[in-house]
Amino acid sequence: MIVCVAVVGNQNNPLYIQSFTEADDALKLHHIVHCSLDVVDERVNNPKKSGPMLNEAFLGLLYPTDNYRVYGYLTNTKVKFILVTTDLDVRDADVRNFFRKFHAAYVDAVSNPFHVPDKKITSRSFAERVSTIVKSFGLSSTG
């Protein structure tokens, strides 16, 4: 089950964070997203350690915790997508598919002529589309 998704700008400023759990977990999930940025920066800035994954947008599993798994995705413009899930046996293909759909939704949201670049995404249609993508991820991972 996906518990949080985030879009973080190229200056590590949060553009969109949505948690899909109770309100008391929101702060903990924001902290997990913030900590994952260090792992993303390490992989991007140390290409010898990260190997051939540097050429790919999908960063894979950033780090596991006891209760969560954190995955990352980096766009060409250095915008980072973070996915936090409670599933311990998620296939990489499912996560890649999620990020592909999430990236398409992000591109549509920032292509809006009324959106100001590097500012928070406040589009209601983007939030609804993200919720739909998250729900479809839950259905496809159980099937």
Side-chain angles (χ1 to χ4, degrees), residues 1-112 115 117-143:
M1 176 178 149
I2 294 176
V3 292
C4 182
V5 293
V7 178
V8 181
N10 56 5
Q11 300 295 322
N12 287 342
N13 53 324
L15 301 177
Y16 180 82
I17 297 179
Q18 177 65 46
S19 59
F20 298 95
T21 62
E22 300 85 38
D24 58 343
D25 283 348
L27 186 60
K28 179 169 59 170
L29 294 171
H30 286 225
H31 178 72
I32 289 171
V33 167
H34 181 71
C35 291
S36 68
L37 296 177
D38 293 335
V39 179
V40 171
D41 288 341
E42 181 179 323
R43 289 196 183 174
V44 170
N45 294 329
N46 297 329
K48 292 180 182 174
K49 290 183 181 178
S50 63
M53 292 180 68
L54 184 65
N55 297 336
E56 192 175 348
F58 179 63
L59 298 173
L61 180 67
L62 298 179
Y63 70 93
T65 65
D66 291 339
N67 300 325
Y68 304 110
R69 291 204 178 278
V70 182
Y71 293 90
Y73 184 93
L74 184 69
T75 68
N76 291 337
T77 57
K78 306 297 184 213
V79 173
K80 300 151 200 85
F81 299 153
I82 307 295
L83 167 68
V84 183
T85 180
T86 55
D87 295 333
L88 300 180
D89 57 348
V90 177
R91 296 182 317 153
D92 274 355
D94 291 338
V95 178
R96 286 175 192 264
N97 190 31
F98 169 82
F99 278 129
R100 195 173 305 115
K101 292 177 184 176
F102 191 71
H103 192 180
Y106 169 77
V107 168
D108 288 346
V110 298
S111 296
N112 182 343
H115 174 74
D118 294 327
K119 296 293 181 193
K120 289 192 180 230
I121 300 171
T122 57
S123 168
R124 195 174 342 136
S125 64
F126 177 72
E128 291 170 358
R129 193 163 166 192
V130 168
S131 294
T132 303
I133 294 168
V134 167
K135 287 175 187 170
S136 71
F137 180 84
L139 293 175
S140 66
S141 65
T142 57

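Bear in mind the structure is a predicted one, so any value in this text is a computation, not a measurement. Sequential numbering from 1 along the given sequence is applied to the chain's residues.
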Exercise for review: Kindly determine whether Val33 and Cys4 satisfy side-chain contact (heavy atoms from CB on, under 4.5 Å), including the steps that lead there.
Suggested key: CA-CA 9 Å; Val33 167; Cys4 182; 3.9 Å; yes
Review point. Is there a side-chain contact (heavy atoms from CB on, under 4.5 Å) between His115 and Phe126 once you walk through the steps?
Key: CA-CA 12 Å; His115 174 74; Phe126 177 72; over 6 Å; no
Exercise for review: Output, in order, the C-alpha distance, side-chain angles, deciding distance and verdict of side-chain contact (heavy atoms from CB on, under 4.5 Å) for Phe20 and Val3.
Suggested key: CA-CA 5 Å; Phe20 298 95; Val3 292; 5.6 Å; no
Review point. Does the side-chain contact (heavy atoms from CB on, under 4.5 Å) test come out yes or no for Leu59 and Tyr71, once each step is laid out?
Key: CA-CA 7 Å; Leu59 298 173; Tyr71 293 90; over 6 Å; no
Between side-chain atoms of residues 77-85 and protein atoms elsewhere (two or more places apart, or another chain), which donor-acceptor pairs fall under 3.5 Å?
| from | atom 1 | to | atom 2 | distance (Å) |
| --- | --- | --- | --- | --- |
| Thr77 | OG1 | Thr75 | OG1 | 3.1 |
| Lys80 | NZ | Gly9 | O | 3.2 |
| Lys80 | NZ | Asn12 | OD1 | 3.1 |
| Lys80 | NZ | Lys78 | O | 3.2 |
| Thr85 | OG1 | Met1 | O | 2.9 |
| Thr85 | OG1 | Asp87 | N | 3.2 |

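Remark: His30 NE2 to Cys35 SG distance equals 13.0 Å, nearest 0.5 Å. With values rounded to the nearest 0.5 angstrom, Ile121 atom CD1 is found 11.0 Å from Ile17 atom CD1. Annotation: the span from Lys101 atom NZ to Asn97 atom CG amounts to 4.5 Å, rounded to 0.5 Å. A distance of 12.5 Å separates CD in Glu42 from OH in Tyr63, rounded to the nearest 0.5 Å. One distance of note links OH of Tyr16 with OG1 of Thr122; it measures 10.5 Å at 0.5 Å rounding. In this structure, CZ on Phe99 lies 9.0 Å from CZ on Phe137, to the nearest 0.5 angstrom.
The side-chain heavy atoms of Asp108 and Arg129, taken from C-beta on, include a pair separated by under 4.5 Å.
Ring orientation note: the planes of His103 and Tyr106 are tilted relative to one another, at an angle of 30° to 60°.
Taking both residues in full, the closest heavy atoms of Arg69 and Pro64 are given as NH1-CB, 3.2 Å, listed atom of the first, atom of the second, then distance.
Applying the salt bridge (Lys or Arg N to Asp or Glu O under 4.0 Å) test to residues at least two apart or on different chains, none of the pairs has a partner in residues 118-127.
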